Amino acid sequence: MNKHQKPVLTGQRFKTRKRDEKEKFEPTVFRDTLVQGLNEAGDDLEAVAKFLDSTGSRLDYRRYADTLFDILVAGSMLAPGGTRIDDGDKTKMTNHCVFSASEDHETIRNYAQVFNKLIRRYKYLEKAFEDEMKKLLLFLKAFSETEQTKLAMLSGILLGNGTLPATILTSLFTDSLVKEGIAASFAVKLFKAWMAEKDANSVTSSLRKANLDKRLLELFPVNRQSVDHFAKYFTDAGLKELSDFLRIQQSLGTRKELQKELQERLSQECPIKEVVLYVKEEMKRNDLPETAVIGLLWTCIMNAVEWNKKEELVAEQALKHLKQYAPLLAVFSSQGQSELILLQKVQEYCYDNIHFMKAFQKIVVLFYKADVLSEEAILKWYKEAHVAKGKSVFLDQMKKFVEWLQNAEEESESEGEEN
């Protein structure tokens, strides 16, 4: 017989230290323990925070996170849809929760601190809390108006201090909330609370990071998804900064689309009349001013060509190309401000593309002769409206032409006086 004992697969039991043991709870037992502790702590939120901190070592917060947050926010476990499971039994509910708190910013901020402390202490609750808030936003129809307001304030404050990400707002785009006007109404209250904690730039930056900046119109039904409706609704609610932000975002989006389409048409060498018609229609449809369009046109025209790398040849190539499109630019530089913007764009382009440095004056003269730029605009640019890029080089290039313009202006004035 083999004296050596054959190996046997056995499990090794580790003894759990007393302080690491979790009591086994059913959701209802978990609820009862939590409700009792909150009722004992009462309105003393410091006591509530301490109770939650210490109880986490024996209650299974990880397993029953939704029950934990339901009770802290609504005072009761919530059924799917948001109705209170224990609505008929006051012994299984607590009034020491967000929904029963006073409807003022300072009180709700104090409750927000309870959540902050809890999540700092038990980091694994972070994702569960985010999911809970998304869920509660979906349940808004089940809550009273005052409960919705308190939840909006809590959400805004927690967004402001970074406990929650802006992605929770996606729940508001649910059809039923949008159609009944709950989404927009809730969003206004939430943004007000958020902006009481942080400035408008911080709010809009968070929206951009979450890719929500372009979705704000979805807070309204399809037939009201216009910038004007959004602007009026939010401005009337005291949130003009968000109205202005959306207008800028929409305008930027529109300009990108316009630039893309323009580039396509120019590369296909569409007749200038067709391009003019298209741009005018887009300006009217999107309420774009001429000053917003002239810079886009310049960029698209200059991007439509593969430029020669030799400085002595690029000026001739540029003049030939720009002469072809001068009539297009002339249509959209009918205002003094548009002319100045075009001049600044030309200056920046010639500075940023070194082969064009010596071509600046020739381009300006071409545009003057083609009635794209007026002498008033050129003189104003020379005296005060030029940008810093290559200023000394370009002002020096323009000196003789400007002197010629000034002399011509003086001669015409003296002739007028003689007549």
Side-chain angles (χ1 to χ4, degrees), residues 258-279 290-291 293-383 385-409:
L258 177 57
Q259 184 168 339
K260 189 178 174 184
E261 182 61 29
L262 266 174
Q263 204 68 68
E264 186 66 28
R265 289 176 184 237
L266 291 178
S267 67
Q268 292 172 356
E269 296 184 0
C270 285
I272 285 174
K273 282 184 181 177
E274 283 184 24
V275 177
V276 168
L277 195 63
Y278 165 71
V279 174
E290 185 182 274
T291 48
V293 168
I294 190 67
L296 284 182
L297 280 170
W298 165 261
T299 302
C300 291
I301 288 168
M302 297 308 280
N303 285 346
V305 175
E306 189 70 44
W307 295 108
N308 201 304
K309 294 289 187 284
K310 293 183 178 178
E311 192 175 0
E312 62 273 15
L313 298 175
V314 83
E316 186 182 335
Q317 185 189 7
L319 294 176
K320 186 179 177 184
H321 178 64
L322 290 170
K323 190 174 183 180
Q324 179 188 347
Y325 286 104
L328 175 60
L329 290 166
V331 173
F332 299 101
S333 59
S334 63
Q335 302 167 12
Q337 191 59 33
S338 306
E339 293 178 74
L340 286 175
I341 289 171
L342 177 58
L343 268 165
Q344 289 167 352
K345 290 287 181 186
V346 176
Q347 181 187 345
E348 287 172 347
Y349 187 89
C350 290
Y351 179 81
D352 293 336
N353 297 273
I354 197 163
H355 299 310
F356 282 81
M357 285 289 278
K358 292 180 180 176
F360 177 75
Q361 186 261 3
K362 292 173 183 173
I363 293 171
V364 175
V365 172
L366 169 71
F367 283 167
Y368 172 72
K369 289 178 179 176
D371 290 328
V372 176
L373 297 173
S374 64
E375 62 185 74
E376 290 83 11
I378 295 169
L379 293 173
K380 189 175 174 70
W381 170 87
Y382 186 82
K383 287 173 186 171
H386 48 263
V387 291
K389 287 185 172 182
K391 179 177 84 168
S392 56
V393 175
F394 298 133
L395 290 180
D396 189 55
Q397 275 185 36
M398 291 295 295
K399 191 176 178 186
K400 286 184 181 177
F401 183 64
V402 166
E403 285 172 359
W404 179 81
L405 284 177
Q406 287 169 332
N407 290 335
E409 193 176 19

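Note that this is a predicted model, so its numbers are computed, not measured. Along the sequence shown, residues are numbered consecutively beginning with 1.
At least one side-chain heavy atom of Ile378 sits less than 4.5 Å from a side-chain heavy atom of Phe401. Side-chain contact between Tyr382 and Leu405 is absent, with no heavy atoms from C-beta onward closer than 4.5 Å.
Considering Thr299, Ile341, Val331, Leu340 in turn, Ile341 is the only one that fulfils the side-chain contact (heavy atoms from CB on, under 4.5 Å) rule with Ile294.
Contacts classified as side chain to side chain donor-acceptor pair (under 3.5 Å) and involving residues 387-396 (residues at least two apart or in different chains) are given here: Asp352-Lys389.
Heavy atoms only, all atoms of each residue included: Ala304 and Gln263 are closest at N-NE2, 3.7 Å. Heavy-atom minimum distance, Leu319 versus Leu366: O-CD2, 3.8 Å. When every heavy atom of Cys300 is checked against every heavy atom of Leu262, the shortest pair comes out as SG-CB, 3.8 Å. Nearest heavy-atom pair across Ile301 and His321 is O-NE2, 2.7 Å.
Gln268 and Glu264 form a side-chain donor-acceptor contact under 3.5 Å, judged by distance and modelled atom types alone. Side-chain contact, Ser374 with Glu339: a donor N or O sits under 3.5 Å from an acceptor N or O. Between Gln337 and Thr291, the side chains place no donor N or O within less than 3.5 Å of an acceptor N or O (distance only, hydrogens not considered).
Distance alone, capped at 3.5 Å, is enough to place a donor-acceptor pair between the Gln317 side chain and the Asn308 backbone. With hydrogens and angles disregarded, a donor-acceptor distance shorter than 3.5 Å links the side chain of Gln397 to the backbone of Gln361. Within the 3.5 Å criterion, the main-chain N or O of Met302 finds a donor-acceptor partner in the side chain of Trp307. Side chain of Ser338 to backbone of Ser334: no donor-acceptor contact under 3.5 angstrom is found. Side chain of Glu290 to backbone of Gln335: a donor-acceptor contact under 3.5 angstrom is found. When atom types are taken as modelled, the side chain of Glu376 and the backbone of Gly336 share no donor-acceptor pair closer than 3.5 angstrom.
Qualifying salt bridge (Lys or Arg N to Asp or Glu O under 4.0 Å) partners for Glu261, counting only residues two or more places apart in sequence or in other chains: Arg265.
Aromatic pair Phe360/Trp381: centroids less than 6.0 angstrom apart.
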